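All heavy atoms count here, side chains included; hydrogens, waters and symmetry mates do not. Below, chain A is the first sequence line, B the second, and so on; all start at residue 1. A quick note: this is a predicted structure, and the numbers were derived from the prediction, not measured.
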Amino acid sequence: MTAREGVSGRAVVGVEPESPDTTATTEWKQALSDIAREVRYRALEMIHWAGAGHPGGSLSVIDILVHLYFRAMNVRPETPQWDARDRLILGKGHATAALYAVLSRRGYMHDHVLHQYGEVRGPLQCHPDMHKTPGVDFSTGSLGQALSVAAGMTLAGCLRAARFHVYAVLGDGEMQEGQVWEAMRFTAERSLSRLICIVDYNGYQQSRATPEALPLERLAKQVEAFGWEVAVINGHNFEELEEGIAWARRTKDQPRCIIARTVKGKGVSFMEGDLSWHVRHPTHAELMVARQELLGQRH
Amino acid sequence: MREAFGRALVALGEQNERVIVLDGDVCGSTKAVYFKERFPNRFVQAGIAEQNMVGVAAGLAATGLLPYVTTFAVFATKRACEQISVAVAHANTNVRICGGYSGLSSGKAGATHQAIEDIAIMRAMPNMAVFAPGDDAELAQVMEASLTFPGPLYVRVGRNEVPAIFDRCHRFRPGEVYCLRQGGDVALIGTGGSTFVVLEAAELLAAEGIDAAVLHAPSLKPLEAEEIVAAVSATERVITVEDHNVIGGLGDAVASVLAQAHVHARLVKLGMQDTFGESGLEHELREVYGLSPRAVARVGAALCAARGAGMTGAWQI
């Protein structure tokens, strides 16, 4: 299988013929879409309150996280430490606003807690802390480390004959870290196929467009060269996410990586594609415009 | 000491099936290979990729296993320094970092293979315990203690054989400092493979009529003050000996203990004097860098001869 472009509205590329159960297709997609809009607003609200956080990269990864936590992952929010759960490590740890808003919406914590984002001695650090926040499976913040930890968790699952999956969600800029490639090699060598890597390819890092360093096509080839199979999907299309994740879970030997094309700032017109929103924090007026765009039709 | 290390790993594997050993392609040197032969299914050859190895270990620990990362101390603590800090120390995972060929014990491999900053680096990390056993018997006890020790830890393991110091009655306890010899003139404190040097130095001093106390600090963090304060309060002269930079190692740890306890004493820190090492056998390097029994004894004798105001400033070896 080779990586191909699946971003321009075409069917997911790289996905094997048999597709997952898609009964009640429109309902679940609509439900996820509603949740994602709500979560987007929540995340921006948190960033506004805290005066901290990363709006652009949070908005780009939200559909991926919503799909994972509400559709793909086997988790029990009421028992976050349930041993047989699927696990997720957010390599791009700066997208905590997205992660916490999703975890809260999924039932890991009351939404009142979101007010404490970035508060001193609070439960919601601006980079994920597994000891402070329910539902965070591993602490991250320094880019490049998540895939290794995910490989360790997957290996532990193999050694313990457990059947959980581990999802590593990485940023596209993060792929410049050397450790990612150590982990890619290690995972493929050991056929840790229950590890699923999803790259949030939103095209921008803090100071430049990511393709300047690593165009998507070359990234896909690089991942393949390290022994993985790759599919490129639209990371804002729940149908493609559904098929892509189902495809990634079907392998028994070679690990599979999904490169999800996304839009930095997705869902808020004035943030989309504007690099300054990597770390900028919306004013109240900007938040209200975003609220109108995201929730306007329902509120 | 590496033979004892290899055997200790096997003993841990026999006691506890959660024990996993990871190797950075040096198991033939560190003797982690004994574990590989005995428990191939619980041995992870991580290859020459230390950063990933530490991350994998953290993932294993977070999923209920007890991983031992084994490689040379230089690569563990410097190449994978940030990974240890973030995924092990900050995440507070039960990863055991075992740094082999520590200090000058890697010998002829030279400066790039001599870990002389590892104690400083690892002590500075919150949550991290740092142990440097003095002989094979104590190493076995440190490893045994690591099975139940809560939180991450670093074990400093020398390459070479060291004379036995401890008998079966010795009991390693994290934090404890052991008084191996009473003495009222000067206190000599060693750690890891330097303690036997200190004991020999004390013998040489005894031949000159100087009564040296000998303390052994196998636990550099935590480090209990009581024995150090008691011994040095009596002697008012103390020499620390380590095959590590004098910045951030045993000497600084002891200085900190003494200062905080308001103990007035003259302290000489013997170790690498803020310099890198070079190729040479361990005993040759100990001569060159002033860390042999004779060198330590010389400093001890001079320190005892210099009464009161005679000595000021940095001690010249």
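Within the 4.5 angstrom heavy-atom criterion, no atom of B:E17 approaches chain A. Both the backbone and the side chain of B:A91 come within contact range of chain A, with heavy atoms under 4.5 Å apart. Using a 4.5 Å cut-off between heavy atoms, B:V54 does not touch chain A at all. For chain A, the nearby part of B:I20 is the side chain; its heavy atoms alone come within less than 4.5 Å. Heavy atoms of B:S85 lying under 4.5 Å from chain A are absent altogether. If you measure heavy-atom distances from B:N92 to chain A, the contacts under 4.5 Å come from both the backbone and the side chain.
Within a 6.0 Å radius of CZ in B:R79, no more than 12 heavy atoms belonging to other residues, nucleotides or ligands are found. Around the CZ atom of A:R208, the shell of radius 6.0 Å holds more than 12 heavy atoms that belong to other residues, nucleotides or ligands. Within 6.0 Å of OH on A:Y204 lie no more than 12 heavy atoms contributed by other residues, nucleotides or ligands.
Residues of residues 129-159 of chain A lying within less than 4.5 angstrom of chain B, judged on heavy atoms, are A:D129, A:M130, A:H131, A:F138, A:S139, A:S142, A:Q145, A:S148, A:V149, A:A151, A:G152, A:M153, A:L155, A:A156, A:L159 in numerical order. Among the residues in residues 90-100 of chain A, none has a non-hydrogen atom closer than 4.5 angstrom to a non-hydrogen atom of chain B.
Considering only residues two or more places apart in sequence or on other chains, B:A11 meets the side chain to side chain contact (heavy atoms under 4.5 Å, CB included) condition with none of them. Contacts of B:N245 classified as side chain to side chain contact (heavy atoms under 4.5 Å, CB included), with partners at least two apart in sequence or in another chain: B:I247, B:D274.
Across all their heavy atoms, A:E189 and B:Q45 have their closest contact at OE2-O, 4.4 Å. Contact detail for A:R185 and B:G47: the closest heavy-atom pair is NH2-CA, 4.3 Å.
One N or O on the side chain of A:R160 and one on the backbone of B:T63 form a donor-acceptor pair closer than 3.5 Å. Under a 3.5 Å cut-off, the side chain of B:Q51 and the backbone N or O of A:Q179 do not form any donor-acceptor pair.
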